[in-house]
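To start, the structure under review is shown below, and the notes come after it.
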Amino acid sequence: MFPLSSAAPSLSQQAQAYVQGARYLAALNPEQRAGVETLDGPVLVLAGAGTGKTRVLTTRIAHILATGRARAYEILAVTFTNKAAREMRERVEALVGEGVEAIQWLGTFHAISAKILRRHAELVGLKPNFTILDTDDQIRLLKQALKAENIDDKRWPARALAHQIDAWKNRGLSPAQVPAGEAHSFANGKGGVLYALYQERLKILNAVDFGDLLLESLRLFRERPDVLAEFHRRFKYILVDEYQDTNTAQYLWLRLIAQGRRNLCCVGDDDQSVYGWRGAEVENILRFEQDFPGAKIVRLERNYRSTGHILAAASHLIAHNEGRLGKTLFTDGALGDKPTVTGVWDSEEEARAVGEEIEQLQRRGHALEEIAILVRASFQMREFEERFITLGLPYRVIGGPRFYERAEIRDALAYLRCVSSPADDLAFERIVNTPKRGLGDATLQLLHEYARRESVPLTHAARVLTESEEIRPKPRATLRGFIDDIERWRALSETKPHHELAETVLEESGYTDMWREEKTPDAAGRLENLKELVRAMEEFPDLSAFLEHVSLVMEVDEAAGSERVSIMTLHGAKGLEFETVFLPGWEEGLFPHQRSLDDNGRAGLEEERRLAYVGLTRAKRRAKIFFATNRRIHGLWQATMPSRFIDELPAANVEVVESASASQYGAYGVSRFAGLDRYSSGYDTPGWRRAKEAKSQPQGKRAAPPIIEGRVLSKSTASAPFEKGARVMHLKFGPGTVQEVDGDKLSVAFDHAGTKMVKAAFLERG
DNA sequence: CCTAGGCTCCTTTTT
DNA sequence: GGAGCCTAGG
C-alpha cells in the first residue's frame, strides 16, 4: 500500500523505534502504533477502510514475538476467511523472518474449532475422525429428515430448513435452547423436532456441519471448565480480524476463550459490516466496551488508500447511518478526481459505457489489473462479460463456483470418502449410481430400510442384502460388484499413495469414462478438473489430511497476475483495492436491494449503505457510479429509479457526467445533479416516456431495435445471403469471418469470441 | 430406471 | 430469461 501522504510518525518517534531495536514499529503512525503496543487487556482497534488494519494485526503479532511476551504457539489469531488467514500468516512471516516457528493457532474460526474438536472429540460425543459436511450434504440429510417426518418438502423446502437451522446455530442455540415459538415456526410446529432429529442423525454419521464446529466447541468450553482452563493457559494473546462480522456463536466462543488472560485484541470496522444476512451481529462491535470492561479503543482514521474527493463522498454517504461508533476518515493526500455519476438508458448501454471507459483508460496506459467492476448481485455480471467478449477485453470473474463445489470434484471426493470411511452414508448415496449403474431409488430404498432397522451404515446394509433374495438379481449383482470394488480400493489404500489410489478409483469405477463419453462442451473441462484434483492431493501427506483441507479450505487459487479487469460482487470486494472502480446498477430495488429493505427494514437499508461505502472505499483514484433507467428483472423490463444513495452523496465532491456511449448513440443520461430534478417530480423525460412505452410492450420486448456500434441491425439487410469468407458483425459476439454456410445457419470464426454456429438473421455484413 | 418437459424460484456467501 | 428440481410418462 502506498501512502498518499508523507509518513505520519514524527522523526523522533521513528528514531525511538530504532533504538528499541523494533524496526517494524518505525513504519507505523501513532495510532497504529498504539494498536500494536497496547498489549495488556482488551483492545478494540476501530480501523476505517484503507487505514492499515492488517498491518496493525501483523505487526502486533511480530511485536509480541519480538519482545518475548509469548511464543508462537501461545498466540491465537482468528480470521473469517482462509484468504485472510493466509495473508496474515505470510505478512507475519515476512516481518519476523521465516524459519521462526509457525503460528499454529492462526486460522479461521472454523478451522481452529475443528482443531480443538479433533483433540477432544470424545467429550462431545464424536470420534476424532469425524466428517465435516458441507451445505450439499446438509440439504440431503435434511431432505431425509423431512421425508421421515412426512412433511411435504414442496411447502417446506429442505433449503429453508437448512437456513433456519444455520440461523439457530449462528445464535449459539442447540435444539433444546431454541425458543418454543421459533421451534414451531417451521412446518406447523415441527421445526424444533427436525433440528433435533438432524443433530441425532449427524452424531450417528459421526459428522458435523459448519455451524457445529463452533457450537460443539462452545459446548465443550461450557461443559468442561478443565479443558477451557487448558486453553486459557495456552493462549497468552488473542487477536481477531473483522470483528464486526462475528455472529453470536463466535462471540460467545471468543468471550469464553478470552476470559483467561483477557489479552484480546479485536480489529474491525462497524461501517463495513455487510454480513448481517448470514448472522453477523454489528452489535458485537458496538458493545465491545461493555463486554470487556476497561477496554482500550484505538481509532485508525488516517486513510492511505483513496484520494480526497472519494473519501469525502464515502464519508458523507455513511454518515446517513445511525448507530455507528463514528469515525472520520481523512487523508493528507491530493483531492484527486471526483467520483462520477452517470445515468444510462438500460443495462446494455451501461455495459457499453463501462467498456468504453475501460478502453479509454487502457489507451492512456492504465493497467487492467487495477480496474474492477463491483456489482450488487451476480446476475449483473453477465452483461459485462458479454460486452467484454465482444470488445476482446480480458476480464476475470471473481467468486464464481469454487473448485471444490463443482459436481465432478464432489463426486470424486465422495468416492474417496467412501473408501476412507465405510460409515459415510452421504458419500455412498452420492456415488452409488454415478455413473449410472442401474441402482436407482428402488434399490436404495431397500438399503435405507435395512440400515435404519439395524442401525448400520448403508455399505453394511448393501453387503448383507446382496446375500439375500430381497433385491432382484440384476441390481443385486451390480451392487455386489460395486461394494466389492469399494472394499478392494480400501485394501489398496493400505499400500498405494493416496493420489495414485484416487486415479485408480476414478478409472475403475467408470467415473472418468462417464465424462469422456459425455459430449457436452464442458466435459473436457471437468476431466481437467479431476486431473487437477489428483495433482492437488500430492501436496498432502495422506487422504485424511487432504479431506480435512478440502472441507475447510474450499477455494481455488485465483490465476492472478495476468492483465485483466476484475468483475465481482461488492461483498467479494471487501478488503481489496483498485485504482479505478466501476459501480454499476445504483438503482432503487437493486441497490439498495428490495429484499433487504422488505426483510430488514431500516437495518437492511443501513447494511446496504455500508455496502455502498465498501464499494466507494475500494477506489484509490477513480470511482464511477452508474444507474440505468431500465433494467430487466426476472425477464421483464422495468423502469427503475436512481438509488437513494446517489442523492446521499455530497454534491460538492461528485461530478455528473454524460454516458460515453450516450453522446455517441444519442441515448439518454440524467441525474438530479444535471440541474433538473427529474426524478423526484413529474417523471416527464424522454427516458420516462420511452420506459412507459417499453413497459406497455409485450413482455421482454424492447421498443427500439438493437443497436450495435451505432448501426441498426434490421431484418432486411441481415437476411441477405452470406458467402464463405465474408466479414460479418454479430450482436453479441462482435466481428468475425464466415467459415461454413448451411442454409440460414453459419459457422463464424469471431475475432474475440471463438468459432460459433449462428443464425444468419443475427448477422450483418461488417 | 431413465428422460423430457413443466414448474418455480430468483441477493449477497464463508466455512 | 434461465437454472434446477420434480413429476409423469415411456
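Every chain is numbered from 1, with letters handed out A, B, ... down the list of sequences.
- One finds no side-chain N or O of A:Asn433 lying less than 4.0 angstrom from the OP1 or OP2 phosphate oxygen of B:dC1.
- Residue whose closest nucleotide on DNA chain B sits further toward the 5' end, between A:Ala442 and A:Phe379: A:Ala442.
- Judged by ring centres under 5.5 Å apart and planes tilted less than 30 degrees, A:His110 fails to stack against the six-membered base ring of B:dT15.
- Residue A:Lys574 is out of contact with every strand shown, counting any heavy-atom pair closer than 4.0 Å.
- The residue A:Thr443 sits close only to the backbone: its heavy atoms come under 4.0 Å of sugar-phosphate atoms, none of a base.
- Rounded to a whole Å, the CG atom of A:Leu133 is 19 Å from the P atom of B:dT14.
- Of all nucleotides listed (C:dG2, B:dT13, B:dT15), C:dG2 comes nearest to the side chain of A:Arg382.
- In this structure, A:Arg376 does not reach the B:dT11 phosphate: none of its side-chain N or O atoms is under 4.0 Å from OP1 or OP2.
- If you take CG of A:Leu214 and P of B:dT14, they are 17 Å apart, rounded to a whole angstrom.
- Aromatic ring pairs are classed by plane angle as parallel below 30°, tilted from 30° to 60° and perpendicular above 60°; the pair A:Trp515 and A:Tyr511 is perpendicular.
- In this structure, the nucleotide among B:dT11, B:dT13, B:dC1 sitting nearest to the side chain of A:Glu608 is B:dT11.
- A:Arg595 pairs by the side chain to side chain donor-acceptor pair (under 3.5 Å) definition with A:Asp599, not counting sequence neighbours.
- Partner of A:Arg631 under the side chain to side chain donor-acceptor pair (under 3.5 Å) criterion, out of A:Glu348, A:Glu587, A:Gln638: A:Glu587 alone.
- The aromatic ring of A:Trp277 stacks onto the base of B:dT12, its centre lying under 5.5 Å from the centre of the six-membered base ring with the two planes under 30° apart.
- Ring centroid separation for the pair A:Trp277 and A:Tyr275 comes in under the 6.0 Å cut-off.
- Contact check, A:Thr569 against B:dT13: a side-chain N or O comes under 4.0 Å of OP1 or OP2.
- Here B:dT15 presents its C1' atom at 14 Å from NE2 of A:His163, a figure rounded to the nearest Å.
- Between the P atom of B:dT12 and the CZ atom of A:Arg278 lies a distance of 13 Å, rounded to the nearest Å.
- Proximity of A:Arg437 to the phosphate of B:dC1: no side-chain N or O atom is located under 4.0 Å from OP1 or OP2.
- When the C1' atom of C:dC5 is taken as reference, atom CG of A:Asp136 falls 13 Å away, rounded to whole Å.
- Distance from the side chain of A:Lys436 is smallest for B:dT3 among the nucleotides B:dT11, B:dT3, B:dT13.
- One interatomic measurement links the two molecules: CG of A:Asp209 to P of B:dT13, which rounds to 21 Å at whole-angstrom precision.
- A donor-acceptor contact shorter than 3.5 Å links the side chain of A:Ser643 to the backbone of A:Phe591.
- In terms of position on DNA chain B, the residue among A:Phe109 and A:Ala377 whose nearest nucleotide sits closer to the 5' end is A:Ala377.
- With rounding to whole Å, A:Ile398 atom CD1 is found 16 Å from B:dT12 atom P.
- Taking 4.0 angstrom as the limit, A:Lys83 places none of its side-chain polar atoms (N or O) nearer than this to OP1 or OP2 of B:dT15.
- Contact annotation for A:Leu439: backbone-only contact, meaning every heavy-atom pair under 4.0 Å involves sugar-phosphate atoms and none involves a base.
- Side-chain contact check for A:Thr108 versus A:Leu552: every heavy-atom pair is 4.5 Å or farther apart.
- For A:Arg632, the side-chain atoms get nearest to C:dG1 when compared with the rest of C:dC6, C:dG1, B:dT15.
- Here A:Ser596 lies in heavy-atom contact (under 4.0 Å) with a base.
- For the pair A:Glu383 and A:Arg387, the salt-bridge criterion is not met [side-chain N within less than 4.0 Å of a carboxylate O].
- Side-chain atoms of A:Thr81 lie closest to B:dT14 of the nucleotides B:dT14, B:dT11, B:dT13.
- A:Leu570 has its CG atom 9 Å from the C1' atom of B:dT12, to the nearest Å.
- Base orientation of B:dT11: syn (glycosidic angle within 90° of 0).
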